Amino acid sequence: MKFLLIGSGGREHALAWALAASPIVSKLYCAPGNAGIADVAECAPIPVNDLDGLVAFAKAKGIDFVVIGPEAPLVAGLWDRLEAAGIKALGPSARGAMLEGSKGFLKELCREHAIPTAGFARFQERDAALAYAAGHRHPLVIKADGLAQGKGVIVAETGAESSAAISELWSNYGPGLVIEEFLDGEEASLFVLTDGEHIIPLAGAEDHKRAFDGDRGPNTGGMGAVSPSSLLAPQVIEKALSRIVKPTIAAMAARGTPYMGVLYAGLMIRDGEPSLVEYNCRFGDPECQVLMMRLKSDLATALLAARDGEIAHLDLRWEDDVALTVVMAARGYPGNYSKGSEIRGVEDAAKIKGVQIFHAATEKRDGKLCAAGGRVLNVAALGSNVEEARSRAYEAVHRIDWPEGFCRSDIGTRALARKAR
Ligand code: AMP
Ligand code: GLY
């Protein structure tokens with residue numbers, strides 16, 4: 001079968017790597033892809049927001065199945081457009097993607113179905129939001145209602161901070177805010193695959209969202225990840241599925257907008273009790289990289305089964321080993337950074353046992369590998385435990401010669417500290 005993958009990040013390189021290894025994939029295209037993806041797929045320079053261009057390309061190439069990596073084209077309705085053109089794709093539909101595309105929609109759904117999540121209020125008027133925040137105990141969590149590339153959430157410790165956050169989010173991302181109570185606990189992500197009715201859990205992971213060591217500095221798209229997460233013991237997963245994920249999938253089906261595809265549940269866990277922080281309508285980045293390192297079954301078959309409503313009897317197998325990935329980013333990320341610097345040593349680093357390097361934003365210029373974005377490389381490794389995966393990943397990082405880049409040196413520390421407790 002001919003597959004088309006949409007996206008250009010580390011998540012998509014990991015997906016391309018897994019899809020390219022599938023016995024059912026005879027040809028893999030990627031739009032737009034990057035220099036690493038070009039090693040396993042034929043890349044076409046179509047941006048992810050060019051829905052017309054993507055549908056036309058899929059038709060012209062006779063694509064059998066499309067896998068959409070990022071949220072923006074899902075929320076914009078790429079799945080709906082492809083299916084209307086007779087091309088099968090992994091969803092969700094635009095209406096399903098509202099679980100990520102509108103925080104207010106999600107919170108109201110949770111309230112209606114008693115899904116455990118932080119208490120909240122939803123605002124369409126800025127003054128009402130300001131008055132509410134002024135009258136409530138802090139910390140409060142202020143969230144833009146719509147998509148904001150991971151920058152739409154501010155934890156406000158004081159009244160002054162919440163007023164500033166409300167003004168900032170309103171002017172940057174337009175009207176519509178959710179204000180939530182602050183949840184204490186430890187965060188982990190649980191991924192499931194669903195055909196709209198049945199659910200199969202994939203695996204769990206822990207992201208490292210802050211830019212610098214010790215969980216300091218600004219929030220980023222994610223600077224590293226570990227899978228599995230010891231926060232997600234089997235009984236915690238069972239609670240998350242029965243109290244959070246299954247009621248959500250049932251509610252979406254009952255509304256006539258079934259959710260099909262990968263669902264990423266961001267959970268806050270306290271004393272073994274999970275609450276929902278957010279949903280994403282896709283694999284996480286960089287969580288996908290560690291999931292793909294551990295997946296032993298065929299990814300293409302699983303995704304196709306979700307589209308065809310046939311996952312009830314699917315059985316996915318996972319490595320027991322731990323996978324850990326370190327993100328290498330351009331200095332300045334998530335703020336301003338420059339592009340175009342040369343990266344050396346990637347092939348040498350990839351020779352280390354258990355290591356896979358996924359490109360997140362790279363391009364070839366005159367045969368040289370160059371940085372082409374903020375998060376640039378993912379150095380991932382498998383090991384029999386967190387220590388081994390981490391030492392392999394950092395050994396590989398040290399072989400990469402890229403003075404213009406940086407990474408956190410403490411990915412996995414939280415997992416190790418928990419083990420020591
Ligand atoms: P979100 O985009 O909704 O996942 O929010 C981004 C990050 O903000 C989460 O990963 C949490 O670290 C934090 N966060 C969001 N909502 C809450 C909450 N109600 N309580 C505590 N932290 C939160
Ligand atoms: N790593 C967080 C995300 O993919 O949303």
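All of these numbers come straight from a predicted model, not from anything done at the bench. Every number for a ligand or one of its atoms is a count from 1 in the order of the listing.
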Under 4.0 Å between a Lys/Arg side-chain N and an Asp/Glu carboxylate O for [X] and [Y]?
| X | Y | value |
| --- | --- | --- |
| Asp80 | Arg95 | no |
| Lys107 | Glu180 | yes |
| Glu273 | Arg243 | yes |
| Asp215 | Arg408 | yes |
| Arg282 | Glu100 | yes |

Exceeds 12 heavy-atom contacts within 6.0 angstrom, atom [atom1] of [X]:
| X | atom1 | value |
| --- | --- | --- |
| Glu108 | CD | yes |
| Gln149 | CD | no |
| Lys419 | NZ | yes |

For this session: Number the atoms of ligand 2 from 1 as they appear, then name those within less than 4.0 Å of a heavy atom of Gly284, with their elements.
Result: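 Selected atoms, number and element: 4 (O).
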
For this session: Check ligand 2 against Asn280 and write out every atom of the ligand that is under 4.0 Å from a heavy-atom position of the residue.
Result: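 Near Asn280, meaning under 4.0 Å from one of its heavy atoms, ligand 2 has 5 (O).
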
Contact check: [X] vs ligand 2, nitrogen or oxygen atoms, below 3.5 angstrom:
| X | result |
| --- | --- |
| Lys209 | no |
| Asp207 | yes |
| Gly221 | yes |

For this session: Using a 4.0 Å heavy-atom threshold (strictly under), name the region of Tyr264 that reaches ligand 2: side chain, backbone, both or neither.
Result: side chain

Exercise. Heavy atom under 4.0 Å from ligand 2: found in Glu287's side chain, backbone, both, or neither?
Worked result: side chain

Please state which protein non-hydrogen atom is closest to [atom] and give its distance, to 0.1 Å?
| atom | value |
| --- | --- |
| atom 5 (O) of ligand 1 | Val153 CG2, 3.4 Å |
| atom 22 (N) of ligand 1 | Met268 CE, 3.8 Å |
| atom 20 (N) of ligand 1 | Leu183 N, 2.8 Å |
| atom 14 (N) of ligand 1 | Val277 CG1, 4.0 Å |
| atom 5 (O) of ligand 2 | Arg282 NH2, 2.9 Å |
| atom 18 (C) of ligand 1 | Val141 CG2, 3.6 Å |

For this session: Among Val67, Leu4, Leu19, Leu15, find the residue that satisfies the side chain to side chain contact (heavy atoms under 4.5 Å, CB included) test when tested with Leu28.
Result: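 One option only clears the test, and that one is Leu19.
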
Problem set entry | Per atom 19 (N) of ligand 1, closest listed option by heavy atom (Glu278, Lys151, Glu180, Lys103) | Glu180

Problem set entry | Closest to atom 10 (O) of ligand 1 among Glu187, Lys143, Glu181 (heavy-atom distance) | Glu187

Problem set entry | Whether Phe358 and Trp17 hold their rings parallel, tilted or perpendicular, with breakpoints at 30° and 60° |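 Plane angle over 60°, so perpendicular.
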
Exercise. Angle class for the His136/Tyr132 ring planes (parallel below 30°, perpendicular above 60°, tilted otherwise)?
Worked result: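 Geometry flag for Tyr132 against His136: parallel rings.
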
Exercise. With atoms numbered from 1 as shown, which atoms in ligand 1 lie under 4.0 angstrom from a non-hydrogen atom of Lys209?
Worked result: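 Those atoms are 10 (O).
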
For this session: Give the atoms of ligand 1, by number and element, whose distance to some non-hydrogen atom of Ala118 is under 4.0 Å.
Result: 19 (N)

